[in-house]
Undergrad: 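Sharing a structure with you now.
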Number of protein chains: 2
Amino acid sequence: MDVTMKDVAKLAGVSLSTVSRVLNDSSLVREETARKVQKAVDKLDYQINDSARILRTNTSNLIGVIGAGMERPFLANLLKGIEAEARERGYALIYGDSDGEFEKEQNYLNIMKQKKIDGIILITTNYYNDLLSIVKNYQIPVVFASGYINDPQISCVTVDNVAAAYDMVEFLCKAGHKDLAFIKGPDLDLLASQERLRGVKLALRLSEIRYEPRRFIEGDFTFESGYSAAKKIMSKFPDVTAIFAFNDEMAVGAISYLREQNIKVPEDISVVGFDGIELGEYIDPALTTIKQSGYQLGLKSIEILNNIINQEKIEDNKVFIPHELVVRESTNRLA
Amino acid sequence: MDVTMKDVAKLAGVSLSTVSRVLNDSSLVREETARKVQKAVDKLDYQINDSARILRTNTSNLIGVIGAGMERPFLANLLKGIEAEARERGYALIYGDSDGEFEKEQNYLNIMKQKKIDGIILITTNYYNDLLSIVKNYQIPVVFASGYINDPQISCVTVDNVAAAYDMVEFLCKAGHKDLAFIKGPDLDLLASQERLRGVKLALRLSEIRYEPRRFIEGDFTFESGYSAAKKIMSKFPDVTAIFAFNDEMAVGAISYLREQNIKVPEDISVVGFDGIELGEYIDPALTTIKQSGYQLGLKSIEILNNIINQEKIEDNKVFIPHELVVRESTNRLA
DNA sequence: GAAATTCATGAAATGGTTTTCAGGCTTTTA
DNA sequence: TAAAAGCCTGAAAACCATTTCATGAATTTC
């Protein structure tokens with residue numbers, strides 16, 4: 001049915017081996033022969049059978065991506081970056097969403113292994129420890145994107161969540177805020193949310209503010225959860241002067257609740273987010289946040305994964321992408 | 001290196017054929033034999049070599065997805081729906097972003113063909129005509145998601161853009177708005193934006209409002225473009241009473257510009273969007289919009305593609321998912 | 001001008017599965 | 001009890017590319 005190398009060989013009047021050599025531009029073939037072959041390829045519109053190639057070579061030029069909650073703007077941009085850089089480097093992407101469930105993660109891992117992926121990007125955060133042991137066992141090159149893994153063997157690229165969260169709290173404290181509340185991520189999220197928590201604690205200590213776990217309301221990174229977290233915060237701590245949400249969507253959700261209650265942001269309460277998604281520039285009030293680039297993170301992840309795959313020298317296992325505190329309208333200095 | 005069917009066969013003391021039959025649960029194998037084989041499979045942790053299977057069977061359980069601008073919330077949810085339903089039905093996804101460039105689309109089409117995908121979902125809108133002829137030529141089952149294709153052979157699933165845009169304009173007119181301006185999508189986007197434009201024209205005619213092309217400013221579905229489109233609109237048509245942006249992000253961008261100019265929404269100008277992304281509920285003012293579910297659209301697309309792949313009877317080539325006008329705070333009745 | 005290299009090519013083995021075909025064994029039927 | 005039918009299994013071909021090894025031709029070297 002399909003045209004195969006055999007057909008090309010016949011038309012060009014050469015052997016299979018020669019066609020293969022031309023297609024993989026081996027240097028060992030006379031220019032004239034190569035031209036002849038190329039002509040046949042063009043004429044027949046020959047397309048390689050990838051499965052046959054993979055079967056023989058055991059390399060697929062395929063990168064697996066397993067993520068969760070990828071519809072979130074930050075992660076959607078991360079995926080975009082991954083795709084762009086992967087394509088640039090000649091990889092195709094096979095993409096699976098785990099919904100944050102270990103079983104699905106495992107499942108995709110198996111499927112991807114069966115497809116002989118060259119490497120894998122993990123953007124899933126809940127069960128990374130279990131995943132890790134599987135991946136190590138499979139011996140597949142792996143990069144964790146957007147999460148810090150405390151394992152010297154594992155590469156990861158992420159914003160420095162500790163430092164960034166620290167910066168934000170420091171900024172709030174310097175602006176005179178002492179009565180803070182937080183909307184953290186899911187407790188299951190051991191990579192991003194826990195790290196940000198660490199940064200917060202650090203900054204609190206240096207600002208001599210007591211760390212009160214009660215003041216950390218759990219959200220799940222959605223608008224909705226920010227909204228209801230703000231509600232809880234206001235009922236428990238009506239005197240709060242600043243709310244730090246661990247991502248921008250939750251901050252927007254919180255602001256929305258406060259507006260509903262006729263509480264002015266930032267006059268009555270300052271609200272800040274994390275990620276720096278585009279949306280934050282367009283809402284009212286524009287959101288003060290920590291800006292990081294998901295797209296850049298994606299590019300970098302593939303770059304590193306590619307290095308691992310090609311067994312190139314790697315300078316550093318843990319890569320931090322830049323972050324920046326951007327102060328907009330949702331924060332106020334206290335008198 | 002890897003464990004193959006041969007190893008399983010040897011351990012189980014049967015032939016390759018039998019192992020294969022067990023794995024594909026052919027009925028022609030004695031239960032006892034099957035158990036023996038299964039035990040060997042488990043013991044060796046055998047994983048099939050997918051490339052070999054694809055090579056032999058010419059079917060991959062792989063679905064290709066080519067999209068553009070997938071970081072937009074609506075499309076990110078569409079992708080999520082596609083992934084969920086594909087997984088449910090035993091497909092894996094190979095995903096490529098075309099950036100709206102024909103060359104990249106072509107390129108991915110080739111790659112995917114080489115990988116023997118079982119079917120393809122196209123979410124790319126600019127060059128669908130050229131794509132179409134390629135896809136037809138390749139004889140790959142295809143579904144266009146989020147765009148209406150006027151070709152009886154081609155399946156597509158989308159919101160009824162004409163009707164929805166019509167509804168929105170009708171709503172505005174009935175609220176007393178006559179002085180309208182529009183932020184449309186890229187002129188290259190022949191699927192969504194042009195269809196919405198048709199709906200608008202239809203409604204204008206019925207409301208006896210003159211269709212003035214000047215009043216349609218081109219955007220590209222980003223916040224930013226909505227912002228600058230609003231700027232253009234206000235300078236050209238300062239008396240406008242309502243702005244209809246062809247997606248929510250542009251509406252939010254427009255609102256942001258108006259706020260900057262101290263123009264009150266909805267008191268001075270009503271602004272409406274399209275898509276009904278979650279964000280619209282949380283901004284100030286909450287956005288009046290046409291709500292459709294990207295996620296549902298994704299599910300449905302895979303469902304239909306699956307039918308085509310399995311050559312099942314298809315009731316209808318063109319499927320419309322529901323839409324709903326949701327009126328929130330960004331619109332006003334004129335006196 | 002003969003021997004030694006280098007160069008260009010082809011034949012054949014290989015990768016791991018599915019599937020057809022044939023054959024042996026057991027069970028049913030007359 | 002012999003013939004027919006049905007069931008289960010194995011051998012081998014097929015899918016399509018890559019790669020090793022061998023070979024013949026062309027070039028270099030002494």
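The chains referred to below are lettered A, B, ... by the order of the sequence lines, with proteins before strands, and numbering in each begins at 1.
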Undergrad: Tell me the stems DNA chain D sits in, counting at least three consecutive Watson-Crick or G-U wobble pairs, each under 3.5 Å on both distances.
TA: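 Listed by first number, the stems are C:1-30 with D:1-30.
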Undergrad: Taking the nucleotide of DNA chain C with the closest heavy atom to each, which residue, B:R21 or B:I48, is nearer the 5' end?
TA: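 Of the two residues, B:I48 wins.
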Undergrad: With a cut-off of less than 4.0 Å, is there a side-chain N or O of A:R30 near OP1 or OP2 of C:dT9?
TA: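 Yes, within the criterion.
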Undergrad: D:dA17 base to A:T57 side chain: any donor-acceptor pair below 3.5 Å?
TA: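 There is none.
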Undergrad: Would you mind listing every salt bridge (Lys or Arg N to Asp or Glu O under 4.0 Å) that reaches into residues 138-152 of chain A, with sequence neighbours excluded?
TA: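 The answer is A:K136-A:D151.
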Undergrad: Which part of the nucleic acid, if any, lies within contact of A:D50, taking any heavy atom under 4.0 Å across all strands shown: a base, the sugar-phosphate backbone alone, or nothing?
TA: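 If one applies the 4.0 Å heavy-atom cut-off, A:D50 turns out to touch nothing in the nucleic acid.
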Undergrad: N/O contacts under 3.5 Å, protein versus nucleotides 25-27 of chain C?
TA:
none

Undergrad: Looking at B:N24 and B:S20, would you say the former's side chain and the latter's main chain have a donor-acceptor pair under 3.5 Å?
TA: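 Yes: the side chain of B:N24 pairs with the backbone of B:S20.
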Undergrad: Return each pair, listed once, that meets side chain to side chain donor-acceptor pair (under 3.5 Å) where at least one residue sits in residues 6-16 of chain A; pairs must be two or more places apart or across chains.
TA: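 Residue pairs passing side chain to side chain donor-acceptor pair (under 3.5 Å), neighbours aside: A:S15-A:S17, A:S15-A:T18.
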Undergrad: Which ones in residues 31-47 of chain A lie close to DNA chain C, meaning a heavy atom under 4.0 Å from one of its atoms?
TA: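 Within residues 31-47 of chain A, the residues near DNA chain C are A:T33.
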Undergrad: Polar atoms only, N or O, under 3.5 Å: list the protein pairs with nucleotides 13-15 of chain C and their distances.
TA:
| residue | atom | partner | partner atom | Å |
| --- | --- | --- | --- | --- |
| C:dT14 | O2 | A:R56 | NE | 3.3 |
| C:dT14 | O2 | A:R56 | NH1 | 3.1 |

Undergrad: List the residues meeting side chain to side chain donor-acceptor pair (under 3.5 Å) with A:D50, not counting sequence neighbours, and say none if there are none.
TA: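 Scan of A:D50 (side chain to side chain donor-acceptor pair (under 3.5 Å), adjacent residues dropped) gives A:R53, B:K115.
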Undergrad: So, do B:V41 and B:L23 sit near enough that their side-chain heavy atoms are less than 4.5 Å apart?
TA: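 When only atoms from C-beta onward are counted, B:L23 and B:V41 do touch, with a gap below 4.5 Å.
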Undergrad: Excluding sequence neighbours, so at least two apart, what forms salt bridge (Lys or Arg N to Asp or Glu O under 4.0 Å) with B:E105?
TA: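 Salt bridge (Lys or Arg N to Asp or Glu O under 4.0 Å) list for B:E105, sorted by chain: empty.
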Undergrad: Just list the side-chain donor-acceptor pairs under 3.5 Å for residues 29-39 of chain A, sequence neighbours left out, or say none.
TA:
| residue | atom | partner | partner atom | Å |
| --- | --- | --- | --- | --- |
| A:Q38 | NE2 | A:D42 | OD1 | 3.3 |

Undergrad: Using the test ring pair (Phe, Tyr, Trp, His ring centres under 6.0 Å), find all partners of A:Y138 that sit at least two apart in sequence or belong to another chain.
TA: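 Partners of A:Y138 by the ring pair (Phe, Tyr, Trp, His ring centres under 6.0 Å) criterion come out as none, since no residue qualifies.
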Undergrad: What residues, two or more places apart in sequence or in another chain, satisfy salt bridge (Lys or Arg N to Asp or Glu O under 4.0 Å) together with B:E88?
TA: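 With neighbours one apart ignored, the set is empty.
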Undergrad: May I ask you to say what A:T18 touches in the nucleic acid, namely base, sugar-phosphate or nothing, with a heavy-atom cut-off under 4.0 Å?
TA: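 Sugar-phosphate: the residue A:T18, judged by heavy atoms under 4.0 Å, touches backbone atoms but no base.
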Undergrad: Could you pull out every donor-acceptor pair under 3.5 Å between side chains of residues 74-85 of chain B and any protein atom, sequence neighbours left out?
TA:
| residue | atom | partner | partner atom | Å |
| --- | --- | --- | --- | --- |
| B:N77 | ND2 | B:P73 | O | 3.2 |
| B:K80 | NZ | A:E71 | OE1 | 3.0 |
| B:E83 | OE1 | B:R87 | NH2 | 3.2 |
| B:E83 | OE2 | A:D97 | N | 2.9 |
| B:E83 | OE2 | A:Y108 | OH | 2.4 |
| B:E83 | OE2 | B:R87 | NE | 3.4 |
| B:E85 | OE2 | B:R89 | NE | 2.8 |
| B:E85 | OE2 | B:R89 | NH2 | 3.2 |

Undergrad: Identify whether the distance between the nearest side-chain nitrogen and carboxylate oxygen of A:K116 and B:D2 falls below 4.0 Å.
TA: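 Yes, this pair counts.
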